[in-house]
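Hydrogens, waters and symmetry mates play no part in the numbers below; they use all other heavy atoms, side chains included. Chain letters run A, B, ... following the sequence lines, proteins first, then strands; residues in each count from 1.
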Amino acid sequence: MAATAPSTAHDTPTIEAQIRTKLGTNECRRLRKAGKLPAVVYGHQQDPVHISFDAKTINDLLHSHVRVLDVRTDDGKSEHCLVKELQWNHLGNKIVHLDMTRIDINERVTVEVELTFVGDAVGLKTAGAFMEHPATSLEIECLASQIPDAIKVDVSGMNVDEAISAAEVTLPEGMTLVSDGELVVASIAIAVAEPEPEEEGDGSEPEVIGGKKDEDGASE
Amino acid sequence: MPLMPKRVKFRKQQRGVLKGNAQRGNFVAYGEYGLQCTGMGWMTARQIEAGRIAARQFLSREGKLYIRVFPDKPISKKPLETRMGKGKAEPEYWAARVKPGTIIYEVAGVPRELAVQAFTRVAHKMPFKCRFIERRHA
């Protein structure tokens, strides 16, 4: 039912970074105002290094689904880093911090990869049918140099009340699933009309847990 | 009938203070599109219900609508022409505390254009500014 097409791995882009010596919330705010994005690099049993990137450059790279970067710091060092975690602002429209982990380009890493659903499901032609995606990404293990942009899942054969689990998604060669195999990635259900709740009196109040309801009306 | 809790530990609550931004419930988790509020305040159960009806009527029976906020705060109100004092008034309605970034509604299984139109209608009924948001992918 589910098929995947191998996707292309990116060339590792190089990005310049400045080492941060002043740390903390206020300093990070100042950096963001100055058009920088604070980040941290850790892993491979080395001390963490606090760095900052040019916000526009890193945002462009991240929006083009780049996962592995060749980070060149201003002290002349260069190392391959994997984007581990992004922190977003409260509206979810701006990256505020980046976590990166040092990697060897030939080591196997665990990453979360987006799923793209292709094909027109047969079941969606039924009146009221809709597709749900409880999970839109899967955690996989693969070579750092072969991280796919997305995994394609073919849903064209799906019917009503059918579901595709993570284990059914065929991964490109050399990749193994880390997520729970029973995780549902797509299912087709029929939308049931929501029952109209019966009208109750205005005085309806919820039950008070433990203790008698205080009945003394305090209003004059 | 607007939403309200089935059981509560205490009938009345103090008003409290809303501060900061939404640190949870601020991303689309269940559906594909959502309505995110950019303001702060109490959202009454009647407002939540009005938004639900507006979206449901526009979408007819298509897709699935999720309500991401729940009115669990009892708001009390003194009757008209009542002198001050004599204790806290009786609960009048229920409200949800909403901070900037909170996702109020989500919808799944509808095309983007339809979701935009539905949430535009819902946004008109909201007591604060809202914006349309899509699910963020990995």
Testing T170(A), T116(A), I140(A), V185(A) for side chain to side chain contact (heavy atoms under 4.5 Å, CB included) with I151(A), which one passes?
I140(A)
Expected output: side-chain Q87(A) to main-chain H97(A) donor-acceptor under 3.5 Å
no
Measuring from atom CD of Q47(B) to atom CZ of F128(B), what distance do you get when rounded to the nearest 0.5 angstrom?
7.0 Å
Using a cut-off of under 4.5 Å on heavy-atom pairs, state which of T38(B), V8(B), V110(B) scores highest against chain A.
V8(B)
Tell me if a side-chain donor or acceptor on E106(B) pairs with a main-chain N or O of A29(B) at a distance below 3.5 Å.
yes
Inspect the surroundings of OH in Y30(B) and state if more than 12 heavy atoms from other residues, nucleotides or ligands are less than 6.0 Å away.
no
Looking at R112(B) and E32(B), is any side-chain nitrogen of the basic one under 4.0 Å from a carboxylate oxygen of the acidic one?
no
Backbone N or O of G92(A) within a donor-acceptor pair of the N89(A) side chain at under 3.5 Å?
yes
Portion of I103(B) that has a non-hydrogen atom of chain A nearer than 4.5 angstrom
neither
Inspect the surroundings of CZ in F27(B) and state if more than 12 heavy atoms from other residues, nucleotides or ligands are less than 6.0 Å away.
no
Name the member of P91(B), G109(B), C37(B), P74(B) that forms the most heavy-atom pairs with chain A at distances under 4.5 Å.
G109(B)
May I ask you to list the residues in residues 24-32 of chain A that approach chain B closer than 4.5 angstrom, counting heavy atoms only, ordered by number?
none
Straight-line distance of R135(B) CZ to E114(A) CD, nearest 0.5 Å:
10.5 Å
Between the side chains of S76(B) and K88(B), does any donor sit under 3.5 Å from an acceptor?
yes
Determine yes or no for a side-chain-to-main-chain donor-acceptor pair under 3.5 angstrom, with R131(B) supplying the side chain and L91(A) the backbone.
yes
For chain A, find which of G20(B), G31(B), G101(B) contributes the most heavy-atom pairs closer than 4.5 angstrom.
G101(B)
Using a heavy-atom cutoff of under 4.5 Å, enumerate the residues of residues 102-109 of chain A that contact chain B, numbered in order, or state 'none'.
none
Rounded distance (nearest 0.5 Å) linking atom CG of L37(A) with atom CG of D54(A):
9.5 Å
Which atoms of K78(B) are under 4.5 Å from chain A, going by heavy atoms: the side chain, the backbone, both sets, or neither?
neither
